[in-house]
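As structure tokens, the structure follows; a few thoughts come after it.
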Amino acid sequence: NVVMRDASFIVCNKGTEHEGLVRVGLPEVAWSTIGGYTTPSKSATRSQKFVTGFARSISQIPQDLLDLADNEAALRLSAANPHLESMAQEFEFMFFNGNTGDNPKGFDGLAAYYNALPVATNNASNQVVSGAAAGSDNTSIWLVRHGEQQTSLLVPKGIPMGIQREDHGQQRDTDGAGGIRFVQEEEFKLHAGVSVADWRANSRIANIDVSKALDGTTDLLDLMVTAYHRARMPKHNYEVENSAFLGAKACWYMNSTIFEALDKQSRNATLHPSLSLSVKEIQGEEVTMFRGLPIRVTDGITNTETLLS
């Protein structure tokens, strides 16, 4: 799960919910004389409730199959892997697209906050960059800064973070006609949510026309430069160390289709003679980078997003 690998975690302060302060402005600063008085000020914040969601998946393998298997553990693992992959994909989809208005049992993802093009008011829409799409095959690229004061994953108190596996052993299973069989049952659980404490720390490139990205008409690298600055990333290399800024880890997120298009555009010397991707080996893993930040590929970001306006 690429998001969980990058993210920071906060334990909910109200059961399955978290009451947090969202920063909407900075404190005032006053010039003063030596020994003079200064009126105290504080940053502008507002209280916001963030919810978590609970997901579950159950695997059942007939005991008869296990009795015939040469390696019971390997068979059970092969049955568990699709559940783990499916739950990871579902979580990544919710992280970006979750909306409790559509699914009250889930949680609000980033798109619930960055859900409109920039307007005059000072809110999260100012962090949205438009790819100028007009069709139906639309997607987004996200720049997310993970940190307690930026964007965090939530977990209820006493609940481990991540996907949990619980072996329920042999269970009696019945069909609709009253038939009985025995199965080995395993449960997969995930309880999580998202907190956005400072909407200025993230940016979203929305309204990307997938077809135009693939044929090179939409300049993805140029849009990413705009998003990089929109998220107030550090402007000098000496401020960046291991993709960290003010205690936050910053990462790009896009789906596999857009990553392919981006890779091809970055090799186009005519389009971008000096702006390209780089590849680094980090802890034995090959990681593609842009502006010093890792690019994560997740198909939790779809190609069928609704156009923002």
Side-chain angles (χ1 to χ4, degrees), residues 1-12 16 52-98 103 105-107 109 144 146 152-194 249 251-257 259-260 279-288 294-303:
N1 189 311
V2 295
V3 174
M4 287 190 180
R5 181 174 60 179
D6 297 326
S8 64
F9 302 94
I10 293 178
V11 176
C12 295
T16 60
T52 60
F54 178 68
R56 175 188 280 127
S57 182
I58 295 177
S59 168
Q60 292 182 329
I61 306 177
Q63 185 63 55
D64 295 342
L65 289 179
L66 291 170
D67 291 341
L68 295 171
D70 293 330
N71 189 329
E72 180 176 325
L75 179 57
R76 296 198 66 178
L77 180 61
S78 69
N81 283 336
H83 289 267
L84 294 169
E85 181 178 354
S86 179
M87 185 163 283
Q89 290 181 2
E90 178 64 20
F91 170 78
E92 290 177 4
F93 175 84
M94 291 294 290
F95 177 81
F96 295 105
N97 305 288
N103 180 9
K105 296 180 181 179
F107 59 88
V144 180
H146 298 280
S152 303
L153 296 186
L154 299 174
V155 59
K157 185 177 181 180
I159 302 296
M161 189 64 226
I163 301 173
Q164 306 303 311
R165 298 174 60 179
E166 184 175 351
D167 187 353
H168 292 299
Q170 189 179 86
Q171 299 291 324
R172 181 187 176 111
D173 185 37
T174 60
D175 60 17
I180 297 173
R181 68 172 182 173
F182 292 93
V183 298
Q184 289 288 334
E185 187 173 277
E186 187 170 17
E187 181 182 13
F188 306 86
K189 297 182 290 186
L190 174 64
H191 205 148
V194 177
K249 179 179 182 180
C251 301
W252 298 98
Y253 296 93
M254 62 190 69
N255 65 34
S256 56
T257 304
F259 181 66
E260 177 186 345
V279 178
K280 293 185 178 180
E281 183 176 318
I282 301 176
Q283 297 180 345
E285 179 182 356
E286 186 180 273
V287 179
T288 304
I295 298 174
R296 308 300 194 195
V297 178
T298 167
D299 287 317
I301 302 173
T302 71
N303 287 329

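The figures that follow rest on heavy atoms only: side chains count, while hydrogens, waters and symmetry mates do not.
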(message) Show every ring pair (Phe, Tyr, Trp, His ring centres under 6.0 Å) that has at least one partner inside residues 60-84, sequence neighbours left out.
(response) H83-F188
(request) Kindly indicate, with the supporting measurements, whether the criterion side-chain contact (heavy atoms from CB on, under 4.5 Å) is fulfilled by Q63 and L66. (result) CA-CA 5 Å; Q63 185 63 55; L66 291 170; 3.9 Å; yes
(message) Could you tell me if the side chain of M94 sits less than 4.5 Å from the side chain of V194, heavy atoms only?
(response) no
(message) So, using side-chain hydrogen bond (donor to acceptor under 3.5 Å, both in side chains) as the criterion, who are the partners of E72 when residues are at least two apart?
(response) none
(request) Report the C-alpha distance between E286 and E281 in whole Å, list the side-chain angles of each, state the deciding distance to 0.1 Å, and finish with yes or no for side-chain contact (heavy atoms from CB on, under 4.5 Å). (result) CA-CA 5 Å; E286 186 180 273; E281 183 176 318; 5.9 Å; no
(message) Looking at S8 and H146, would you say the former's side chain and the latter's main chain have a donor-acceptor pair under 3.5 Å?
(response) no
(request) State which residues pass side-chain hydrogen bond (donor to acceptor under 3.5 Å, both in side chains) with Q171; sequence neighbours excluded, sorted by chain then number. (result) none
(request) List the steps, then state whether side-chain contact (heavy atoms from CB on, under 4.5 Å) holds for T302 with F96. (result) CA-CA 10 Å; T302 71; F96 295 105; over 6 Å; no
(message) Side chains of I163 and F91, heavy atoms from C-beta outward: is any pair under 4.5 Å?
(response) no
(message) With a 4.5 Å cut-off on side-chain heavy atoms, are V297 and N255 touching?
(response) no
(message) So, applying side-chain hydrogen bond (donor to acceptor under 3.5 Å, both in side chains) with R56, which one of H191, E187, Q164 is it?
(response) E187
(message) Any side-chain to backbone donor/acceptor pair from D173 onto R181? Under 3.5 Å, distance only.
(response) no
(request) Look at the side chain of E186 and the backbone N and O of R165, then say whether any donor-acceptor pair between them is shorter than 3.5 Å. (result) no
(message) Has N97 got a side-chain atom pairing as donor or acceptor with G300's backbone, closer than 3.5 angstrom?
(response) yes
(request) Could you tell me whether the side chain of Q89 reaches within less than 4.5 Å of the side chain of D299, counting heavy atoms only? (result) no
(message) Does this structure show an ion pair linking R5 with E285, if we count only N-O contacts that are shorter than 4.0 Å?
(response) yes
(message) I'd like to check E90 versus L190 (side-chain heavy atoms, cut-off strictly below 4.5 Å). Are they in contact?
(response) no
